[in-house]
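The block underneath contains the structure these notes are about, expressed in structure tokens.
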Amino acid sequence: MTASVPATAAPAAEPVLRRPSLVGRTRAGLTEALAEIGVPEKERRMRVGQLWNWIYHYGVRDFDAMTTIGKGLRGQLAEHFSLDLPSVTAEQVSTDGTRKWLMRMPSTGPHDRGAEIECVYIPEVDRGTLCVSSQVGCTLTCTFCHTGTQRLVRNLTPGEIVGQVMVARDRLGDWPGASPPEGAIVPTDGGRFVTNIVMMGMGEPLYNFDAVRDALIVVQDGDGIGISRRRITLSTSGVVPNIKRAGDEIGVMLAISLHAVRDELRDELVPLNRKYPIRELLDACRNYPGLTNARRITFEYVMLKGVNDSMADAKALVKMLKGIPAKINLIPFNPWPGSKYECSDWDQIEQFSEYIFNAGYSSPVRTPRGRDILAACGQLKSQTEKLSARERMALRAMAMTD
Ligand code: SAH
Ligand code: SF4
């Protein structure tokens, strides 16, 4: 059963000219903003620290609430900038407490009607994981993934990526002094409600590298949102050239959507494999900066009945990961309207998992969460209309050439 509650923050009509939002800016980005409005250079560092604290530690939505900053500067800031976040156009709450928000991004210009993405919150007793989107749609077309049926509309900006975290914390009452909505399921260990981030929503994060990097640097910062890089996992379908960069420049935990042990099958399931085959992908994994037994790579493996779930597959999987500090995450396939696969039988998943476990790997089977509201892995898709075919092709070409 699904409880669908209307969003309290109904989308207002988009004003024609919006003031740029400061949410999502890095320290360098905030410094630039201050320079733009004429704040003297010697003052900027201190002002950035104050803004950072108000925006990312306290989550204030109004410059006037920034009481450590003088009235004059507050007024100037409000005149030129905003603290706008994506607006929530729908919220669904699963019986298991999982929440899915449909978020509408502010329009970026006259030709952008304001794209929509989905963001999912998964509460457990001692942690709350937020599944964040990096793109509207996806350029890739993995055959088992719902998002893959939605063409890429556009990349999200750092503000829109950080904005998802901010909106989630707003909706959950996860700021100092705030409290969660009545009846909400949140961690009960006395800590924060959003403790972990997984870049596993819509889109391929490594095809929107710069924005994802800047956003995750903001999210990690201990003086603000403060979710450490060990609690952030970036999942990629295998954009080999950007894997090393992710380790060097973002430093988060890595997850690889492997799903097959033979190129022939992976070519079909994850078509990007034709560009970056398994061997190259595993080489990039072996060389992932910071890889140790304490910081393993997670290999995701979706369980598709009769496709990739035989015991021979399990054996080949163990063999091919030899020497790589790894965890294996088996994901029961989540069906979506029109999908052509079935989820493996439970017995088969157990046998597969047991084999991997006996070979020395931690092999949790990911419990499907929020299936009743199509919030589970690979079920996300928004209705955002695509832009012109030309723009789409340009984006696609860009993605395929780097
Ligand atoms: N684009 C990135 C991150 C988003 S997908 C990637 O592909 O890694 C997050 C995870 O969900 C990936 O491992 C993806 O392969 C998996 N997934 C996609 N569709 C799924 C489905 N229908 N059932 C279960 N897992 C799915
Ligand atoms: Fe894109 Fe990931 Fe879905 Fe593949 S699995 S289509 S890369 S979102």
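When a ligand or atom number is given, it counts from 1 through the structure's own listing order. Both backbone and side-chain heavy atoms feed into the values below; hydrogens, waters and symmetry mates do not.
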Considering only heavy atoms of [X], which atoms of ligand 1 have at least one such atom less than 4.0 Å away?
| X | result |
| --- | --- |
| Val302 | 23 (N), 24 (C), 25 (N) |
| Thr236 | 6 (C), 8 (O) |
| Gly201 | 4 (C) |
| Ser237 | 6 (C), 7 (O), 8 (O) |
| Cys145 | 18 (C), 19 (N) |
| Gly203 | 1 (N), 2 (C), 3 (C), 4 (C) |
| Trp336 | 22 (N) |
| Glu204 | 1 (N), 2 (C) |

(request) With atom 8 (O) of ligand 1 as the reference point, say which of Ser339, Ser133, Ser257 has the nearest heavy atom. (result) Ser257

(message) Judged on heavy-atom distance to atom 14 (C) of ligand 1, which of His259, Met200, Glu300 sits nearest?
(response) His259

Check whether the side chains of [X] and [Y] place a donor and an acceptor atom closer than 3.5 Å, and report yes or no.
| X | Y | value |
| --- | --- | --- |
| Thr68 | Trp54 | yes |
| Glu268 | Thr143 | no |
| Asn155 | Gln135 | yes |

If you measure from the Lys or Arg side-chain nitrogens to the Asp or Glu carboxylate oxygens, is any gap between [X] and [Y] under 4.0 Å?
| X | Y | result |
| --- | --- | --- |
| Asp248 | Arg245 | no |
| Arg61 | Asp170 | yes |
| Arg74 | Asp62 | no |

(request) Keeping waters out of it, list the protein N, O or S atoms under 2.8 Å from atom 3 (Fe) of ligand 2. (result)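 N, O, S partners closer than 2.8 Å: Cys145 SG.
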
(request) Without swapping roles, check the side chain of Asn273 against the backbone of Arg266 for a donor-acceptor pair under 3.5 Å. (result)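 No, Asn273 side chain to Arg266 backbone: no donor-acceptor pair under 3.5 Å.
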
(request) Show your reasoning for whether side-chain hydrogen bond (donor to acceptor under 3.5 Å, both in side chains) applies to Gln220 and Ser228. (result) CA-CA 5 Å; Gln220 287 174 34; Ser228 87; over 6 Å; no

(request) Would you kindly specify which portion of Ile331 sits under 4.0 Å from ligand 1, judged on non-hydrogen atoms: side chain, backbone, both or neither? (result) side chain

(request) Classify the contact between Thr147 and ligand 1 as side chain, backbone, both or neither, using a heavy-atom distance cut-off of under 4.0 Å. (result)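 The answer is neither; Thr147 stays 4.0 Å or more away.
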
(request) Answer yes if the ring centres of Tyr121 and Phe193 are under 6.0 angstrom apart, and no otherwise. (result)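 No, they do not, as the ring centres are separated by 6.0 Å or more.
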
(request) Verify the ring-centre separation between His259 and Phe299: is it less than 6.0 angstrom? (result) no

(request) Kindly confirm or rule out an N or O of His146 lying under 3.5 angstrom from an N or O of ligand 1. (result)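 No, no N or O pair falls under 3.5 Å.
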
(request) For the residue pair His146 and Trp336, categorise the inter-ring angle as parallel (less than 30°), tilted (30 to 60°) or perpendicular (more than 60°). (result)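 Answer is parallel, since the angle falls under 30°.
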
(request) May I have the step-by-step check of side chain to side chain contact (heavy atoms under 4.5 Å, CB included) for Val218 and Trp52, ending in yes or no? (result) CA-CA 10 Å; Val218 169; Trp52 194 270; 4.1 Å; yes

